[in-house]
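Below: the structure, in structure tokens.
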Amino acid sequence: MIYWDPAVLYACRVLKFFLKKEGPVAKYILRRLLLMIPIMIGVSFLVYFIMSLTPGFDNPARIVLGIEATDEAVAQLNAQLGADKPFFPRYLSYMWNVLHGDFGISYRNRLNVSQEILRRFPVTMILTTFSVLFSLLVGVPIGIYSAIKQYKPSDYIIRVISMLMTAIPSFCMGLGLLLIFALKLRILPANGIKTWKGFILPSLSLALVSVAGMIRMTRSTMLEVIRQDYVRTARAKGQTEQKIIMRHELRNALIPIVTVAGITFGRELGGAAIIENVFAVPGLGTYILSGVNNRDLPCVLGAVILLSLSFSLINLLVDIIYTFVDPRIKSQIK
Amino acid sequence: MKKSIVILISLIMALSMFLAVSAQRTDLNVITQVSPNSLDPQKTSMLYALQVAYNIYDGLMARDTSDQVVPGLAESYTISEDGLVYDFVLRQGVKFHDGTDFTAEDVVFTINRAIELAITNSGNIESAEAVNDYEVKITLKKPNSVFLSILSSYGFFMLPKEAVEAAGEEFGRNPVGTGAYKFVEWVEGEYVKLEAFEDYYLGAPEIKEVTFKFIGDSNTALIAMESGDADYSYVFPASASEDIEFNEDLKLFPFNSMSLQIFTMNVQNQYLSNKLVRQAINYAVNRDDMVIVAVEGEGRPTSQFCNVGTFGYVEGFEGYTYDLEKAKALMAEAGYADGFTVKLIAQDEMTSKMCQVLADNLRDININVEIEMQESNTAIANYQAGNFEMGVFGIGNSTMDYDSMGRLFTPGNSLMFSQATAEDEQAVKIGELFAEASQLSDPDARLEVYKAATEEIWDAAYYVPCFFPLRSHLLASDLDIECVRGLGVALVKEMHWN
């Protein structure tokens, strides 16, 4: 409750600002933000429903206390955790608490869920953001180069390497990097995130797999754009090659690229779980995994709500970037 | 003059470097698989929590390096004639990590809390009362010859009354005990740090600092061990044992685990309700093959439910041999010479290998086995609900006594996976035999009762006991340890650097 109320007040102020501004983009953003609430409710209910189908859903105490605990102790703990409530009351009481800012405590270790999630969220975000930025900053230029030099040897080499990298699963990549950099060369830590160096290998494992996809996406979009009439016109006008690439080709290719970046981000928020496990990094992915394994409802729902919120925000960001990249989209918002 | 000073200084530096290099390490890094859910021994039974907690606490009784029950925080004890009242004289001068004294008040508090929380094995305790500051009387409802062993188990580790009452729910995150190591820090999901308790009643331990790191992936754990990041690991990939042999910096420490790998058969199933069928299955299984396939030969095949060294083990009991002819004859007698189909639940890599051997063996008696993989919590939930036909699981023995296995055979018990009800005379009889044995105090008399129970269990064939795996832990070569408790826990106070 305590930290929720100032947030509500601030949100009201932002709301007033938007309504005053009257700009169509502002209204669009507001509409999208409001739309996130039913999305989060929908996602949380869907996950709750799926979890309710797993055996042991209404008996988390048995998992927490172990196979040898007495039935009495198990019943006691189940009642304490509210796990013996029927389907809808259990969900509704959880959501009621969430609306008051209380995400509950973990069944497994009785820690405050919101605290744990806020502690782990930055870790996963760092891994995922690095990966997406790496894809954009490294993958896009390589993809452009590959498209320009189509059918030349460098194009083939790039295509083969990126196909290989797409084929390698992320945990394989992770273990391979671990062996080389942590074991043989000893320059990076083998696990954990005690120092900033601990983030390098896990981020790189995630990044190397998605950069390959970005290279191929960029290349194919650029190839399409290169063949367009307006590029021929620009060249005929005597425009420098550099400016043609930047202003005409890339800008038009950006929409699919930005879309892929957004999707990559969403996919990696989940896929980071495997990398987090391999590198023993305490992030949100392993939190959800162990939550599902232990039928730890507050953990899973809390983390899922946060993840769906971040993914919605990233999608919104992607849509806003569209309006800057392509003025035609901006005019459609009206 | 200057030159000789320089030489002197460099000699001193060289000497100190040499000393630093040859100085003993006093820290230790241990890898466990998962972060504990709690370090309160009455609120958890997970192995990875116990791997940390066993270093923080002590019980009234303890287990020595040959896993025998010996006095711990209790100096001596007497048992009444009727076996109901245990009188413990406590050691004096024992301190908790927060400096308070260990007294009878703490014992009474711990026992009462155990009863309140209804932890395993607390149901038989009637009451605990302090006779004076260093003497406690514990009264049982029924005599129980394994009570001393129960007192050495983690559920009855001694807790400080003041600290627990003050901390409430938080005690599990800030444990205080009398053990060799006191709690320093716990970063959730990353590590737990303990440091040596200098006032430990058995003397301060050699290793001064322990960090338990949580690494879930067995390959990552192996890499951490190889790079020197860790010195002891409970986790490592089974397929890497050959690599470890070739690595001079690492060694394996094998120990006899008490964990029995076993199949359960649902007697409510139309085919498996027939005792002859269950017996036939037991005779059709080639346990030697199963050990070779599932754990690469590192295990002891068995048709008993306790291992050598556990009280209740019957020497020379033949049990189920691999006898295909007998199995076929039994199936024919039961009227199922043409066999039937049955579903089998497997849990992970090792158990699914076990299941494949079973399926292969049962094909010889015309039973068609369909294997289904399930996640372990799901599988256990299904076994308890009776929602299965055949399943595989592992069961440990925390008291090193056959008594712990009784729950597998007692109708109505949550561990009676095979779903035998109170209407099944044999199950009731077996349950009664276990109850009888637990109340006798004469070991020979108990052994006689256990022999009778073993015969009945063999005849009833509710389960298919298979083997005891030989487990190992991974150590750095210059780390020594005397033993690993059958439970699978190594005590840091017993480890030292070479």
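Letters A, B, ... mirror the listed sequences (proteins, then strands); counts begin at 1.
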Are side-chain N/O atoms of Thr44(B) and Arg108(A) paired as donor and acceptor at under 3.5 Å?
no
If I compare all heavy atoms of Gly66(A) with all of Ser45(B), which pair ends up nearest, and what's the gap?
CA-OG, 3.6 Å
Donor-acceptor contact below 3.5 Å, side chain Arg119(A) vs main chain Glu188(B):
yes
Interatomic distance, Arg110(A) atom CZ to Glu169(B) atom CD [nearest 0.5 angstrom]:
5.0 Å
Residue pair Arg295(A), Thr378(B): steps toward the side-chain contact (heavy atoms from CB on, under 4.5 Å) verdict
CA-CA 10 Å; Arg295(A) 314 291 188 270; Thr378(B) 310; 2.7 Å; yes
Measuring from atom CD1 of Ile193(A) to atom CD of Glu190(B), what distance do you get when rounded to the nearest 0.5 angstrom?
5.0 Å
With a 4.5 angstrom heavy-atom cut-off, could you sort out which part of Ala118(B) is near chain A: side chain, backbone, both or neither?
both
Nearest heavy atoms of Met46(B) and Ile63(A), plus distance in Å:
CE-O, 3.6 Å
Contact residues of residues 170-182 of chain A (partner chain B; heavy-atom separation under 4.5 angstrom):
Leu175(A), Leu178(A), Leu179(A), Ala182(A)
With Thr410(B), which residues qualify under side-chain contact (heavy atoms from CB on, under 4.5 Å), at least two apart?
Asn413(B)
Gly189(B) to Pro282(A) - nearest heavy-atom pair and separation
O-CB, 4.2 Å
Heavy-atom pairs under 4.5 Å with chain B: which of Asn277(A), Thr286(A), Val281(A), Leu111(A) has the most?
Leu111(A)
Counting heavy-atom pairs under 4.5 Å with chain A, which one of Leu117(B), Asn377(B), Leu415(B), Asp229(B) comes out on top?
Asn377(B)
Chain A neighbours within residues 213-221 of chain B, where any heavy atom lies under 4.5 Å away:
Lys213(B), Phe214(B), Ile215(B), Gly216(B), Asp217(B), Asn219(B), Thr220(B)
Below 4.5 Å from any heavy atom of chain A, which atoms of Glu226(B) appear? Answer side chain, backbone, both or neither.
both
So with a 6.0 Å cut-off around CZ of Phe49(A), is the heavy-atom count from everything else above 12?
no
Greater than 12 external heavy atoms within 6.0 Å of Lys197(A)'s NZ
no
Crowding at CD, Glu349(B) (>12 non-hydrogen neighbours, <6.0 Å)
no
In terms of heavy-atom proximity below 4.5 Å to chain A, should Tyr383(B) be classed as side chain, backbone, both, or neither?
neither
So which residues of residues 76-85 of chain A are in contact with chain B at a heavy-atom cut-off of under 4.5 Å?
Gln76(A), Gln80(A)
Under 4.5 Å heavy-atom distance to chain A, tell me which part of Ile223(B) shows up: side chain, backbone, both or neither.
both
side-chain contact (heavy atoms from CB on, under 4.5 Å) between Ser227(B) and Leu183(A), intermediate numbers included:
CA-CA 5 Å; Ser227(B) 66; Leu183(A) 196 55; 3.7 Å; yes
Check against side-chain contact (heavy atoms from CB on, under 4.5 Å), Val64(A) and Lys43(B)
CA-CA 9 Å; Val64(A) 171; Lys43(B) 296 215 168 160; over 6 Å; no
Checking heavy atoms, do the side chain of Glu170(B), its backbone, both or neither come under 4.5 Å from chain A?
neither
Work out which heavy atom in Asp71(A) is nearest to a heavy atom in Ser414(B); give both atom names and the distance.
OD1-CB, 3.3 Å
